[in-house]
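The structure under discussion appears below in the form of structure tokens.
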Amino acid sequence: MTPPGSPPAAPSRPPLRPARLGPLDVLRLSLSGLRAKPLRAVLSAAGISIGIAAMVAVVGISTSSRAELQATLDTLGTNLLHAEAGETLTGGEAKFPTGVTAMVRRVPPVNEVSAVGKIDAKVYRSDLIPREETNALEVFAAHPDLLETLGVRTSSGTWLNRATGEYPAVVLGSATARRLGVVRAHPDVQVLIGGRHFTVIGVIEPVVLAPELNSAALIGFGAAERTLGFDGHPTAVYVRADENAVTDVRDVLARTVNPEQPDAVRVARPSDALAAKLAADEAFTGLLLGIGAVALLVGGIGVANTMVIAVLERRGEIGLRRALGATRGQVRNQFFTESLVLSGLGGCGGAALGLLITTAYAGHRGWPVALPASAVLAGAAGTLVIGAVAGLYPAMRAARVSPTTALATG
């Protein structure tokens with residue numbers, strides 16, 4: 001009880017506690033700090049953006065390239081075999097028998113077979129072209145079923161048939177037509193082969209699985225024998241077999257096409273080259289990702305440098321906040337969040353830039369755009385890790401600043 005005449009007791013008050021800052025409050029403080037120096041923030045985020053954009057673009061372009069190769073393999077198939085005549089034991093040029101395609105058709109898993117024969121002749125646009133300017137073009141005699149076996153179409157004109165194969169008619173590979181300046185097939189367009197004029201009746205699309213035909217001029221076996229002295233012996237055979245029996249056919253193909261000299265036959269599976277390219281792309285992608293990681297590390301160092309400078313420049317602000325009751329943890333969280341926000345903005349910008357580069361490049365090359373979502377998410381997560389590491393030391397340094405010292409020097 002209070003004695004009579006004494007003043008009333010003051011009401012009891014709860015002890016003062018430091019105010020708590022919620023996540024949104026910390027975020028607003030961080031954004032205000034970044035808005036104070038917008039140019040510096042943009043330049044710091046640009047370093048992160050470049051690293052993320054490089055990594056996302058590398059992954060996106062590489063994945064799009066592999067998707068295009070895989071689509072090509074799915075379209076053309078992996079069941080094509082190519083047997084080419086090599087050299088004999090004496091160093092001479094080996095040749096296949098004239099009935100080699102019939103011999104190969106007797107192998108049960110074989111579905112389609114065709115052949116070409118290399119001709120000792122060159123192709124020129126006209127007789128005014130110097131003989132030494134061959135443009136590395138070759139001439140082949142071809143069977144009428146060659147395009148069907150390879151799964152290729154003509155981009156202009158028609159392919160050889162049993163009738164046109166007996167006359168001086170020629171079909172040009174895509175590279176041959178380009179080098180000779182032939183825009184399209186026409187009855188008035190002629191080229192010179194072995195001193196004889198041949199009418200261009202067709203131009204074929206690029207052959208992925210038989211690139212040697214892209215820089216070749218193709219004529220019929222009958223016309224080659226009558227006009228160019230061709231002996232009728234094929235020098236290369238193309239075989240389509242059942243998918244599950246390709247290896248078995250490959251094992252017997254050399255002995256089938258040249259029973260007398262199977263060692264003089266080179267058998268290849270053209271799709272293996274595309275598969276090897278897929279593996280090479282994966283290895284090259286790893287190298288480029290390493291370069292992108294270095295760029296990202298440099299961007300992280302830039303963020304850390306920016307945050308250290310921000311702590312030094314804002315010592316007065318830190319001292320004032322501490323004097324008004326802000327705890328060390330609140331100051332530390334503010335600067336740590338600033339670093340995360342700065343890195344996150346850079347990461348988002350970099351991911352968007354990488355996606356734009358991937359889309360533009362893939363569209364230019366005619367590839368499907370294939371950018372894994374995991375790559376973008378990994379890039380975003382990487383920026384947050386970089387931001388956390390880069391902002392940890394500056395945030396701890398800011399929290400250790402004494403209020404009196406900060407106000408005296410701020």
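If you read the sequence from its start, that first residue is 1, and numbering goes on from there. Since the structure is predicted, the reported quantities are computational estimates derived from the model, not experimental observations.
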As a test of understanding, state which of E112, R269, E243 forms a side chain to side chain contact (heavy atoms under 4.5 Å, CB included) with N79. E243
Return yes when atom CD of E148 has more than 12 non-hydrogen atoms of other residues, nucleotides or ligands closer than 6.0 Å, and no otherwise. no
Using a 3.5 Å distance criterion without hydrogens, assess whether the side chain of [X] forms a donor-acceptor pair with backbone atoms of [Y].
X    : Y    : value
R184 : G157 : no
T63  : G60  : no
S64  : A370 : yes
T199 : A169 : no
S156 : A185 : yes
W159 : P144 : yes

Run the numbers on V171 and I201 for side-chain contact (heavy atoms from CB on, under 4.5 Å), then give the verdict. CA-CA 6 Å; V171 176; I201 64 171; 3.8 Å; yes
Between I219 and I119, is a side-chain contact (heavy atoms from CB on, under 4.5 Å) present by the stated rule, with each step listed? CA-CA 10 Å; I219 64 178; I119 302 174; 3.8 Å; yes
Can you give the donor-acceptor pairs under 3.5 Å from side chains of residues 223-234 to other protein atoms, not counting sequence neighbours?
residue, atom, partner, partner atom, Å
R226, NH1, E166, OE1, 2.9
R226, NH2, E166, O, 2.2
R226, NH2, E166, OE1, 3.1
T227, OG1, A223, O, 2.5
D231, OD1, H233, N, 3.1
D231, OD2, K95, NZ, 2.4
H233, ND1, F96, O, 2.9

When rounded to the nearest 0.5 angstrom, what distance separates [atom1] in [X] from [atom2] in [Y]?
X    : Y    : atom1 : atom2 : result
L160 : F221 : CG    : CZ    : 11.0 Å
N161 : T164 : CG    : OG1   : 3.5 Å
T358 : I61  : OG1   : CD1   : 5.0 Å
L345 : L340 : CG    : CG    : 11.0 Å
R106 : T256 : CZ    : OG1   : 9.0 Å
I204 : S174 : CD1   : OG    : 6.5 Å

Does V257 reach the side chain of V267, with side-chain heavy atoms less than 4.5 Å apart? no
Could you go step by step and tell me if L213 and Y238 meet the side-chain contact (heavy atoms from CB on, under 4.5 Å) rule? CA-CA 12 Å; L213 300 182; Y238 300 93; 4.1 Å; yes
Please step through side-chain hydrogen bond (donor to acceptor under 3.5 Å, both in side chains) for the pair D242 and N111, ending with a clear verdict. CA-CA 7 Å; D242 292 339; N111 298 324; 3.0 Å; yes
What side chain to side chain donor-acceptor pair (under 3.5 Å) pairs are there with at least one residue in residues 121-138, not counting sequence neighbours? K118-E138
So T101 and D145, side-chain contact (heavy atoms from CB on, under 4.5 Å) or not? Walk me through it. CA-CA 11 Å; T101 55; D145 53 3; over 6 Å; no
